[in-house]
Each structure stands twice: as structure tokens, then as C-alpha cells.
Amino acid sequence: METGMKTGSESRPQEKTTAAGRMRRWFRRLYTQRHLQVMALLGVVWMLIFNYIPMYGIVIAFKEFNIVDSIGAAPWVGLEHFRAFMEDENLRDVIRNTLGISLIKLFIGFPLPILFALFLNEIRSVRFKKSVQTISYLPHFLSWVILGGILSTWLADVGVINQILLALHLIDQPISYLAEPQYFWAIVIISDIWKELGWSAIIYLAAMASVSPEMYEAATIDGAGRFQKMWYITLPGIQSTIAILFILAVSGVLNSNFDQILVLRNSLNESASNVIDIYVYQTGLLSGRFSYSTAIGLIKSVIALILLLIANQVTKRLNNTSLF
């Protein structure tokens, strides 16, 4: 009994000494990395100031806020603004346009950069490969204000698109595409793919570069062709990257690229271009209904979080890849 008690009493100071030693080593490592830690700390401070502190404004969604009074002075109204949005006559069109554009972008726009990267990776000529890659991601560096002006010119009655279609006898008379709601979704989706295809493929090309060349050599010896190598080696090698980007894409399914739609929309195509982001902009900034627009934005954020968690769990179960 005495021996056991001595052993227990002797082990406690040793544990404390071990914990103190770990703490000293941690502070020593922190000091040696002080320059990197200061850089990281600045990033944390920036995030706190611009991302977390403004979240206090979420309470506006539960108040009747006006620009004259402060947020604290605004009276509480509970879930009144959320109820008003659910009963809004524009809700059906807003949800339809948002989900329609975003889901088509997801199902078409998400796999296209993967296919483009796969075929680009198979090009053997380095000069031709770099030229194609440069041309493909060049539109990414142009803002939607510039591209919106270009598209408006191309799609006008006397634009280049109508001239080509008339010359090929595919249409009998010019069409003002941006004035017709039935063409708006197609214009938004195609122009978004054109702008972001090459840029989105860069991350897949970087992931493909990490695939071991020995696997391709072994497949060549076994008689595998290019398409077989892409299917059985390249795609499995980048599946974790695809899964992570797919999770982020699903979580942003309610985002319809505000900048793009804002520069392409007009009063004639409003029935097809009125998405959640545009509706929040109109009701919040243009109409001054700050509490109502904040409630809509909060609903959108909550749904995005739920979609993120669902997509994360699905990819985690399918290929054991997740964000957290």
C-alpha cells in the first residue's frame, strides 16, 4: 500500500513536469516562428473585423430597422419579415430563376472544366498546350462590366451573332436576345462557362501533376490507351479535389453570380433574371427595406450551410473525402 501510494505521488510531479515541458517547447516554437505567427495574426484580425463583427447586423432581420435610428433602437418584430418573404408574390419566380440557373450551371458548368483539364493534360506539345491554356483563362481577368458590354453588343439586333446566323440562314430576321426572357438563362450559363472554364481547369491540372508518372508507365506496358489511363488513373487521382470543389459548388447553389446578372438584365427580361441576389439588392438598397432584405439573406445563408453539411457528409461516405 505504501509503495503504491509513493508511486502515485511520485507520478504526479512527473506529469506536471512533462506538461510544463510541453508548454515550454510550445512557447519556444512559437517564438522561433514569430514572424509567421504575426502574419497569421494579422489575417485573423482582418477576418474578425470584416467577417465576424459585422455579423451583429443579423439582428436587423428580427427588427424593424430604418436608416435614421440605430440597430439597438429599432423595435423587435420577431419572425415577421421571414413570414412576409414566404408570402411574397415574387417568391415563386425568384426561387425558380435562382435554382434554374444555378442547377444548370452545376450540372453543366461543373464537369466541363474537369473534361477540359483531362484533354488539356493529354496534349504533348508544350507550346500548343500553353497557348490553349492562356487563351482559355484570359476571359477570367475581365470584369463582368466589360464582358457585359461585349455581350450586349454581340447579342444586339445588328450584333455579330445575328449577322452570322442570318448569313447561315438559321434565322429569318434579327433577334434581340437580351430582350427575350426565354434566351436569358442560356446566355447567362454559356457566358459564365466561357469566362471561367479555363480558370477553373487550373486547379485540376495542378492535381493531375501530382499523379505518379510510374502509374502511367505501368498502364502503358499493360496496353492501356489514353482514355483508359484518364478513366482508371487520372480521374481516381484527382477525385479528392473534385469532391472538395463539388462540396463548395453545392453550398453556393443559391448564388447566381450577382455581377453577371446585374449587367445583363433589363426590364424586358426581368421575369427570367429576377434571382435572390437581385431581389435582395432591389428591396434592400433601392427600396430601403433593410430588415426584409436581411431576413432573405439570412434564409439564404442558412440553406447554404445545410447544403454544405449534406454535401460534406455525402462525399465523406462515398470516397472518404470531406472539408471537415
Side-chain angles (χ1 to χ4, degrees), residues 51-107 109 144 178-189 192 247-314:
N51 291 86
Y52 285 90
I53 294 178
M55 289 179 67
Y56 169 70
I58 292 175
V59 301
I60 295 177
F62 306 94
K63 291 189 169 190
E64 192 60 53
F65 174 75
N66 60 74
I67 198 170
V68 177
D69 298 327
S70 64
I71 296 178
W76 291 92
V77 294
L79 302 177
E80 182 62 31
H81 299 299
F82 299 92
R83 188 181 301 108
F85 178 61
M86 294 302 174
E87 298 173 355
D88 197 317
E89 60 181 8
N90 297 311
L91 175 63
R92 182 173 175 271
D93 291 337
V94 168
I95 297 298
R96 177 178 60 85
N97 293 331
T98 303
L99 291 180
I101 294 174
S102 298
L103 290 177
I104 295 174
K105 278 185 180 181
L106 180 64
F107 289 119
W144 275 114
L178 287 177
E180 302 292 339
Q182 63 266 29
Y183 298 118
F184 186 79
W185 286 15
I187 294 171
V188 168
I189 293 165
D192 184 75
I247 294 172
L248 297 177
V250 170
S251 65
V253 75
L254 294 182
N255 296 325
S256 303
N257 200 339
F258 173 80
D259 296 340
Q260 177 192 17
I261 295 181
L262 184 64
V263 299
L264 293 178
R265 73 188 303 271
N266 52 57
S267 58
L268 298 175
N269 61 32
E270 186 175 358
S271 60
S273 62
N274 195 17
V275 296
I276 290 179
D277 292 336
I278 295 294
Y279 189 62
V280 169
Y281 166 73
Q282 289 180 327
T283 57
L285 294 181
L286 300 185
S287 301
R289 301 175 64 186
F290 301 107
S291 297
Y292 183 69
S293 59
T294 303
I296 300 174
L298 182 57
I299 293 174
K300 175 185 169 184
S301 300
V302 171
I303 295 175
L305 177 60
I306 294 172
L307 292 174
L308 175 66
L309 296 175
I310 293 174
N312 188 74
Q313 289 299 317
V314 170

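For the numbers below, each heavy atom of this structure counts, side chains included, while hydrogens, waters and symmetry mates do not.
Using a 4.5 Å heavy-atom threshold, the side chains of F82 and L298 count as touching. A 4.5 Å side-chain heavy-atom check between K105 and V188 finds at least one atom pair inside the cut-off. A 4.5 Å side-chain heavy-atom check between F258 and V280 finds every atom pair outside the cut-off. Contact annotation: the side chain of L99 approaches that of L254 to within less than 4.5 Å [non-hydrogen atoms, C-beta and beyond]. Using a 4.5 Å cut-off on side-chain heavy atoms (C-beta onward), N266 and F184 make no contact. At least one side-chain heavy atom of I276 sits less than 4.5 Å from a side-chain heavy atom of I95.
When all heavy atoms of S256 and T98 are compared, the pair lying nearest together is OG-CG2, 3.5 Å. Between L106 and V250, the shortest heavy-atom distance links the atoms CD2-CG2, 4.3 Å. Residues I278 and S273 come closest through the heavy atom pair CG1-O, 4.0 Å.
If you take CG on N274 and CG on N269, they are separated by 10.5 Å, rounding to the nearest 0.5 Å. Atom-to-atom distance recorded for D192:CG and I187:CD1 is 13.5 Å, nearest 0.5 angstrom. Annotation: the span from R96 atom CZ to S271 atom OG amounts to 7.0 Å, rounded to 0.5 Å. Between D259 atom CG and L264 atom CG the span is 10.5 Å, to the nearest 0.5 Å. To the nearest 0.5 Å, atom NE2 of residue H81 and atom CD1 of residue I299 are 11.5 Å apart. From F85, atom CZ reaches atom CG of N90 across 9.5 Å, with rounding to the nearest 0.5 Å.
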Donor-acceptor list for residues 288-296 side chains, cut-off 3.5 Å, not counting sequence neighbours:
residue : atom : partner : partner atom : Å
S291    : OG   : I60     : O            : 3.1
S291    : OG   : K63     : O            : 2.7
S291    : OG   : F65     : N            : 2.8
Y292    : OH   : D88     : OD2          : 2.5
S293    : OG   : R289    : O            : 3.1
S293    : OG   : F290    : O            : 3.0
T294    : OG1  : F290    : O            : 2.7

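Remark: side-chain polar atoms of S251 are paired, donor with acceptor, to backbone N or O of L248 under 3.5 angstrom. For N97 (side chain) and D93 (main-chain N/O), a donor-acceptor pair under 3.5 Å exists by modelled atom type. For S287 (side chain) and Q282 (main-chain N/O), a donor-acceptor pair under 3.5 Å exists by modelled atom type. Proximity of a side-chain donor or acceptor of E64 to a complementary backbone N or O of V77 within less than 3.5 Å is not detected. A donor-acceptor pair under 3.5 Å is absent between the side-chain atoms of D69 and the main chain of A74, judged by distance alone.
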Can K300 and D277 be said to form a side chain to side chain contact (heavy atoms under 4.5 Å, CB included), step by step? CA-CA 10 Å; K300 175 185 169 184; D277 292 336; 2.4 Å; yes
